[in-house]
Amino acid sequence: MTDISLLCLVGATGTGKTAAALALARELGGGVVNFDSRQVYAGLGVVTAQPTAEERAVCPHALYGYLPINTPVRAGAFAGEIMDQARAYRDQGLAPILVGGTGLYLKSLVDGLAPIPDIDPQIREEVVRECRDQGSQVLHGRLQLIDPDYAAKIHPNDPQRICRALEVFTATGQTLTWWHGRTCRPAGLRALKIGLSADLASLTPRLARRIDLMLEAGAREEVRLAYEGCPDRMAPGFSGIGCPELLAVMLDGLSLDQARRDWLRSTRAYAKRQLTWFNKDNEIFWHHPEDVDGIVTRARQFLESAAAS
RNA sequence: GCCGGGGUAGCUCAGUCGGUAGAGCAGGGGACUGAAAAUCCCCGUGUCGGCAGUUCAACUCUGUCCCCCGGCA
């Protein structure tokens, strides 16, 4: 495996990652790869803010809108797909430009993931069922006996992480702490992380505006059609912000006005979580979204230094 | 005008048989290794409508005034 250099654009939702990616692609000759967990779904292009057809025409785009709504995304497998696509671009002489807002996925790719095998879905179902029946506190108590270090890190009310830890132990006979210790950073990979800076206060009006634009662009109709094709509100694709709200308008008689308020609140809360995540990552170089020249210059220097070494 | 019911956190409200108050939501901060647009944790001083009275002590009792919501005129 030969070395690869990745340009990664991160930032909260609505900060202008798509536009910055296109600018980079134009200037440097690149191809865009999505690493956003919700923009992968087909039929939800508007609510998940996937690049439009015009935007995609600017340069090659990959991993957008290609999964059915009822298909879950797995971080490990998805990171593999991103890398495959990035290598394909590189082999075509294109600079891979990774764009997305899912911090965990970028981390999985750049820092590596513990080499945990896929877990038998039946084991997982069993653990989840027990958690639902007995409560997460009971299972957390069980985890304390198995893997006290990990149990101490997570809260007894956090069913998702408790179930994951238990399913991994049940399936592999090793604790999550043991597996995490075997994580290694992928070799031959260089990544430049560029963050588009934004503070919540100035982002909020833009997020509100974007919701209105999505509605104008047919978000309601899009979700209605998607639901006809997949009448399951719990489907993974419908966890994208905006979908529960629009489905509530359609199925529960929620007023559109209330839906817009709920939608904005969820979006804001999500943006805040993203900021918390990315602010902690000190490998990120922050740029104002308008600072296209600065972003391009930094990316170019990075690629040149890669070529030189 | 009269009769009820209210005025307590940004909002909706609870509560104190008199010892200066607490929930939900909103808001703020944080965590994060295969569900991550997910999941989860932490953070509550506010003239308890105004004024006066009783009392060691009033948000709580009394009087009075103001405002809101019903009903009757």
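Proteins come first, then strands; the chains are lettered A, B, ... in the order of their sequence lines, and each starts at number 1.
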Name the orientation of the base relative to the sugar in G49(B): syn if the glycosidic angle is within 90° of 0, else anti. anti
Which nucleotide sits closest to the side chain of Arg124(A): U33(B), A38(B), A35(B)? A35(B)
Can you tell me if Asn157(A) touches the phosphate of C41(B), counting only side-chain N or O atoms and a distance under 4.0 Å to OP1 or OP2? yes
Nucleotides 22-27 of chain B: protein proximity per nucleotide (B base, S sugar-phosphate only, - neither; heavy atom, under 4.0 Å): ----SS
As a test of reading the structure: which of C32(B), A37(B), A35(B) is closest to the side chain of Cys163(A), going by heavy atoms? A35(B)
The criterion is ring pair (Phe, Tyr, Trp, His ring centres under 6.0 Å); which residues satisfy it with His180(A), sequence neighbours excluded? Tyr150(A)
So if I take every side-chain heavy atom of Arg161(A) and compare against G34(B), A38(B), G28(B), which nucleotide ends up nearest? A38(B)
Taking the C1' atom in each of A35(B) and A26(B), what is the distance between them to the nearest angstrom? 27 Å
Does Phe78(A) reach a base, just sugar-phosphate, or nothing at all? Heavy atoms under 4.0 Å. nothing
Mind listing the residues from residues 141-155 of chain A sitting with a heavy atom below 4.0 Å of RNA chain B? Number order is fine. Tyr150(A), His155(A)
Quick note, salt bridge (charged side-chain N to carboxylate O under 4.0 Å, His left out) partners involving residues 48-71 of chain A, not counting sequence neighbours, are none
Does any donor-acceptor pair link the side chain of Arg38(A) with the base of A36(B) at a separation under 3.5 Å? no
Most 5' of Ile119(A) and Thr102(A) on RNA chain B, judged by nearest nucleotide: Ile119(A)
Could you give the CD-to-P distance, from Gln274(A) to U39(B), as a whole number of Å? 15 Å
Grab the NZ-C1' distance between Lys272(A) and C32(B) for me, whole Å please. 14 Å
G24(B) and C17(B), which share atom name P, separated by this distance in whole Å: 23 Å
Can you identify which nucleotide, out of A37(B), G34(B), A35(B), has its nearest atom closest to the Ala114(A) side chain? G34(B)
Quick note, salt bridge (charged side-chain N to carboxylate O under 4.0 Å, His left out) partners involving residues 275-292 of chain A, not counting sequence neighbours, are Arg185(A)-Glu283(A), Lys193(A)-Asp281(A), Lys193(A)-Glu283(A)
Here's a test for you: under side chain to side chain contact (heavy atoms under 4.5 Å, CB included), which of Val73(A), Asp36(A), Val40(A), Asn34(A) qualifies with Thr102(A)? Asp36(A)
Please tabulate, for the side chains in residues 243-257 of chain A, all donor-acceptor contacts under 3.5 angstrom to protein atoms that are two or more places apart in sequence or on a different chain.
from, atom 1, to, atom 2, distance (Å)
Glu245(A), OE1, Gly242(A), N, 2.8
Glu245(A), OE2, Ser266(A), OG, 3.2
Asp252(A), OD1, Arg233(A), NH1, 3.2
Asp252(A), OD2, Arg233(A), NH2, 2.9
Ser255(A), OG, Gln258(A), N, 3.0
Asp257(A), OD1, Arg260(A), NH1, 3.1
Asp257(A), OD2, Arg261(A), NH1, 3.0

OP1 or OP2 of U33(B) less than 4.0 angstrom from a side-chain nitrogen or oxygen of Ser108(A), does that happen here? no
Nearest-angstrom distance from the residue atom CD1 of Ile162(A) to C1' of C41(B): 12 Å
Would you give me the side-chain donor-acceptor pairs under 3.5 Å for residues 216-223 of chain A, sequence neighbours excluded?
from, atom 1, to, atom 2, distance (Å)
Glu221(A), OE1, Arg224(A), NE, 3.1
Glu221(A), OE1, Arg224(A), NH2, 3.4
Glu221(A), OE2, Arg224(A), NH2, 2.7
Glu222(A), OE1, Gly45(A), N, 3.2
Glu222(A), OE1, Val46(A), N, 2.8
Glu222(A), OE2, Val46(A), N, 3.1
Glu222(A), OE2, Val47(A), N, 2.9

Touch class at under 4.0 angstrom, heavy-atom based, for Gly101(A) against every strand present: sugar-phosphate
Specify the separation, in whole Å, of atom CG of Asp118(A) and atom P of U33(B). 18 Å
State the dot-bracket string of RNA chain B. Criteria: Watson-Crick or G-U wobble, both atom distances under 3.5 angstrom; notation: ( ) intrastrand, [ ] crossing earlier pairs, | interstrand, . unpaired. (((((((..((((.....[..)))).(((((.......))))).....(((((..]....)))))))))))).
Taking only the P atom of each, what is the distance from U8(B) to C13(B) in whole angstrom? 9 Å
Please work out if Val73(A) contacts a base, only the sugar-phosphate, or nothing of the nucleic acid, heavy-atom cut-off 4.0 Å. sugar-phosphate
Of Gly242(A) and Trp179(A), the one whose closest nucleotide on RNA chain B sits nearer the 5' end is Trp179(A)
Rounded to whole Å, please give me the gap between CZ in Phe238(A) and P in A38(B). 15 Å
Whole angstroms only, please: what is the CG-P distance between Asn70(A) and A35(B)? 16 Å
Transitive ILVMFWY cluster of Val58(A) at side-chain heavy atoms under 4.5 Å: who else is in it? Leu22(A)
Restricting to ring pair (Phe, Tyr, Trp, His ring centres under 6.0 Å), what partner residues turn up for Phe78(A), sequence neighbours left out? Tyr105(A)
Find the distance between CZ (Arg124(A)) and CG (Asp118(A)) and round it off to the nearest 0.5 Å. 11.0 Å
Measure the distance from CD1 on Ile241(A) to C1' on U39(B) and round it to the nearest whole Å. 13 Å
Students often get this wrong, so: under 4.0 angstrom with heavy atoms, is Asp111(A) touching a base, only sugar-phosphate, or nothing? nothing
Would you say CD of Gln122(A) has more than 12 non-hydrogen atoms from neighbouring residues, nucleotides or ligands within 6.0 angstrom? no
Say you pick atom P in A21(B) and the same atom in A58(B); how far apart are they, in whole Å? 14 Å
Can you tell me how far C1' in G28(B) sits from the matching atom in G70(B), rounded to whole Å? 39 Å
Give me the residues of residues 203-230 of chain A where at least one heavy atom lies under 4.0 Å from an atom of RNA chain B, by number, or none. none
Taking atom types as modelled and ignoring hydrogens, do the side chains of Gln134(A) and Arg142(A) form a donor-acceptor contact shorter than 3.5 angstrom? yes
Atom C1', compared across C48(B) and G15(B): separation rounded to whole Å: 10 Å
G30(B), OP1 or OP2 - any side-chain N/O from Arg273(A) closer than 4.0 Å? no
Return the nearest nucleotide to the side chain of Gln39(A); candidates are G34(B), A37(B), C32(B). A37(B)
Starting at atom CG of Asp158(A), determine the distance to atom P of C40(B), rounded to an integer number of angstrom. 6 Å
Side-chain atoms of Thr48(A) come closest, of U33(B), A35(B), A37(B), to A37(B)
Determine whether any donor atom in the side chain of Thr183(A) lies under 3.5 Å from an acceptor atom in the base of U33(B), or the reverse, and answer yes or no. yes
Each residue besides Leu213(A) in its hydrophobic cluster should be listed here, by chain and number; the cluster joins Ile, Leu, Val, Met, Phe, Trp and Tyr at side-chain heavy-atom distances under 4.5 Å. none
Could you measure between the two C1' atoms, the one in C40(B) and the one in U47(B), and give it in whole Å? 38 Å
